[in-house]
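Notes for the one structure printed next.
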Amino acid sequence: LPLALPPEVSPPTPVAPEQVAQVSADQPAPVRRASGLAVVMAALARVTAPLAAGLRRFGHGLGSFLARLLPGDFFQAVPSTVMAFTALAVPVVVVTVSSVVYLRLGRDAQYETLYAQAEQIAERASEQTDVAARHADIETALDLLSKAEVHRTSPEVQALKGQLRYSLDELELIKRVNYQPAIIGGLPASVNITRMVVIDDDLYLLDTGRGSVIRATLTSQGYEVDLTFQCGPTTSGAVIDIAAWPPGYKPPARLLALDANGNILFCQPNETPKADRLTPPNTDAWGQIKAFTLDLGDSYVLDSPSKGVWIYWRSDFSQEPSMFFNDEIPDMQDVVDMTVNRGDLYLLHADNRLTLCFYSDFQGVPTRCSDPNFVDFRPGRESLPLIPPTPFSQIQNTLPPDPSLYFLEPVNQSIYHFSLRNLAFQRMIAAENPLPSGNATAFFVDNLQGYVYLAVGNQVFYAVLP
């Protein structure tokens with residue numbers, strides 16, 4: 001008999017089939033959108049499905065084989081927890097192995113794509129006649145190779161990078177040198193080399209850590225430190241600058257060292273330094289010397305309080321010096337270094353400006369100064385102003401047969417070479433091999449013997465001058 005419903009419950013109202021169809025037509029079914037994770041999992045499932053199926057077939061076959069080989073009650077003796085762990089572990093292993101294979105294949109595909117693109121752009125760069133377009137293609141190809149190295153390193157990438165960098169160096173007028181450690185056994189960590197001077201086979205290094213000078217002599221293995229050499233500090237302070245003392249000048253010496261207060265030392269091997277003091281000029285503002293240099297036997301001293309450069313003729317420090325400037329004195333506040341070539345004064349400023357002054361001692365003809373631009377001579381940028389990426393810190397001029405100006409760019413550990421008068425860019429000397437991290441702290445170019453020297457803190461290097 002049919003069960004009777006309670007009085008308060010009404011039986012469901014029957015719905016006609018045509019009403020169901022009408023409702024379905026008016027309210028379409030919701031559409032589910034696949035998430036990014038679902039797409040990735042679906043792709044991974046398509047890759048791993050054949051492997052999983054193969055493992056299942058292998059598992060079934062192995063189970064059948066073991067069932068025939070082992071006693072009938074063997075599997076009944078296996079604890080249920082082991083069986084449960086096995087059931088969970090097998091899928092994890094399958095997915096892990098599949099993921100590794102998938103990611104490996106993905107990295108290889110990315111590497112091949114990036115390397116192929118770099119190779120194509122490099123080939124296009126070699127055919128470019130427009131310098132700017134060639135430069136841009138080389139940089140693009142190098143960027144693609146760097147990205148390819150993220151996925152895989154290979155000899156072919158290194159070879160192509162070497163070719164592209166050589167081509168880029170040609171466009172940038174970069175000459176790379178193979179720096180070698182100069183000092184046998186190195187220098188203590190407390191040493192900080194800020195000036196270098198080469199005299200024949202001797203290398204003189206100003207160590208601002210101790211305020212004194214280190215002498216190293218050239219041997220067949222490199223430069224060996226002379227532990228007996230004495231030069232600084234002075235009686236009143238640390239040595240701040242050094243220069244080669246001209247042969248035949250009195251007193252006899254190889255090197256002249258100076259402190260900020262005007263005290264000087266005449267230093268040479270196997271002898272105690274001879275001390276002296278600069279005669280100050282006839283001015284109240286004097287006594288904070290920043291740099292000095294020698295030119296044709298005359299000494300030039302840069303002094304901050306007096307805002308001037310003072311000349312000691314024939315390096316006679318017993319006489320009062322002459323002021324280099326007369327009617328017009330250029331801005332001297334931020335000068336970081338200077339050099340003099342045949343009476344022409346070059347002042348290097350902290351913001352990379354260069355002031356060039358032509359000395360005049362003729363009546364009615366004043367000393368003239370200007371701030372000329374560095375002139376670019378790289379292909380495609382001829383005669384344009386050259387702006388180095390970071391400021392220079394030191395300046396040096398070289399004597400004939402190749403009189404030139406050299407500047408140290410410390411951040412990139414490079415040396416810029418310019419002509420003397422028109423400041424035309426000639427080349428940039430950079431390291432071919434990796435150097436210690438940090439700013440370069442000193443340099444010296446010996447164009448007579450054909451070597452270039454570079455210091456990074458307590459580490460000193462030298463290479464053949466290109």
Side-chain angles (χ1 to χ4, degrees), residues 192-196 206 208 211 237-243 258-262 278 280-281 283-295 299-311 321-341 343-359 366-376 385-397 405-418 420-423 425 428 438-444 455 457:
N192 185 33
I193 304 302
T194 56
R195 291 286 183 181
M196 292 193 287
L206 173 56
T208 55
V239 173
I240 64 161
D241 209 346
I242 56 177
L258 178 74
D259 71 8
N261 298 315
L278 299 177
T283 177
D284 295 333
W286 167 263
Q288 191 178 344
I289 297 172
K290 297 179 65 176
F292 86 105
T293 187
L294 280 86
D295 176 59
S299 293
Y300 295 76
V301 178
L302 171 62
D303 178 66
S304 293
S306 60
K307 300 179 182 178
V309 174
W310 301 91
I311 310 173
S322 302
M323 182 64 153
F324 185 93
F325 312 108
N326 39 41
D327 295 342
E328 180 183 353
I329 298 179
D331 178 22
M332 304 288 292
Q333 294 295 330
D334 64 342
V335 174
V336 296
D337 201 10
M338 72 171 183
T339 193
V340 180
N341 178 73
D344 298 340
L345 172 66
Y346 298 83
L347 299 171
L348 176 62
H349 297 264
D351 60 359
N352 247 11
R353 287 183 300 115
L354 186 71
T355 298
L356 173 58
C357 301
F358 301 102
Y359 179 77
T367 295
R368 295 175 291 107
C369 296
S370 63
D371 292 347
N373 291 321
F374 297 109
V375 183
D376 205 337
L386 186 147
I387 302 176
T390 60
F392 298 138
S393 62
Q394 293 183 8
I395 180 175
Q396 179 201 337
N397 72 291
L405 283 178
Y406 289 88
F407 296 82
L408 175 62
E409 189 203 357
V411 174
N412 294 306
Q413 302 174 337
S414 56
I415 299 169
Y416 280 66
H417 177 194
F418 292 90
L420 273 171
R421 282 303 180 103
N422 60 1
L423 300 181
F425 177 61
M428 184 181 79
N439 290 353
T441 53
F443 85 110
F444 190 84

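Nearest heavy-atom pair across Q413 and G438 is NE2-O, 2.8 Å. Residues N412 and P389 share a closest heavy-atom pair of ND2-CG, 3.8 Å. Considering all non-hydrogen atoms of both residues, A285 and S306 come closest at O-CB, 3.0 Å. The two residues P281 and W310 make their nearest non-hydrogen contact at CB-CZ3, 3.5 Å. Of all heavy-atom pairs spanning N352 and P388, the tightest one is ND2-CG, 3.4 Å. Nearest heavy-atom pair, P372 versus L354, reported as atom, atom and distance to 0.1 Å: CD-O, 3.3 Å.
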With side-chain contact (heavy atoms from CB on, under 4.5 Å) as the test, would you mind laying out the steps for F324 and Y359 before giving the verdict? CA-CA 7 Å; F324 185 93; Y359 179 77; 3.5 Å; yes
Evaluate side-chain contact (heavy atoms from CB on, under 4.5 Å) for M332 paired with T355, printing each intermediate quantity in order. CA-CA 10 Å; M332 304 288 292; T355 298; over 6 Å; no
Test Y346 against L405 for side-chain contact (heavy atoms from CB on, under 4.5 Å), laying out the working first. CA-CA 9 Å; Y346 298 83; L405 283 178; 3.5 Å; yes
Step by step, work out the side-chain contact (heavy atoms from CB on, under 4.5 Å) result for L386 and F418. CA-CA 11 Å; L386 186 147; F418 292 90; 4.2 Å; yes
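D334 is listed as a side-chain neighbour of D351, based on a closest heavy-atom distance under 4.5 Å. Side-chain atoms of V309 and L347, non-hydrogen and from C-beta on, do get closer than 4.5 Å to each other. Counting only heavy atoms from C-beta outward, the side chains of M323 and I329 approach each other to under 4.5 Å. Taking 4.5 Å as the limit, every side-chain heavy atom of F292 sits out of range of all side-chain heavy atoms of L278. Between F374 and F425 there is no side-chain heavy-atom pair separated by less than 4.5 Å. Between D259 and V239, every side-chain heavy-atom pair lies at or beyond the 4.5 Å cut-off. With contacts defined as side-chain heavy-atom distances shorter than 4.5 Å, the pair L294/S299 qualifies. C357 has its side chain within reach of P330: a pair of non-hydrogen atoms, C-beta onward, lies under 4.5 Å apart.
Put simply, CZ on R195 and CD1 on I193 are 12.5 Å apart, with the number rounded to the nearest 0.5 Å. Taking CZ of F392 as the reference point, atom NE2 of H349 lies at 14.0 Å (rounded to 0.5 Å). The distance from the CG atom of L423 to the CG atom of D376 is 12.5 Å, given to the nearest 0.5 Å. In this structure, CD1 on I289 lies 9.0 Å from CG on L302, to the nearest 0.5 angstrom. Interatomic distance, M338 CE to K290 NZ, rounded to the nearest 0.5 Å: 11.0 Å. To the nearest 0.5 Å, the span separating OG1 on T293 from CG on L258 amounts to 11.5 Å.
D337 places no side-chain N or O within donor-acceptor distance of the main-chain N or O of L348, the cut-off being under 3.5 Å. No donor-acceptor distance shorter than 3.5 angstrom exists from the side chain of Q396 to the backbone of L408, with no hydrogens or angles considered. T441 places a side-chain N or O within donor-acceptor distance of the main-chain N or O of G457, the cut-off being under 3.5 Å.
Checked against N397 for a side-chain hydrogen bond (donor to acceptor under 3.5 Å, both in side chains), the options D344, D295, T339 give a single hit: T339. The only member of F407, Y406, F443 that meets ring-ring contact (aromatic ring centres under 6.0 Å, His included) when paired with H417 is Y406.
Checking T390 against E409 by side-chain atom types alone, a donor-acceptor pair falls below 3.5 Å.
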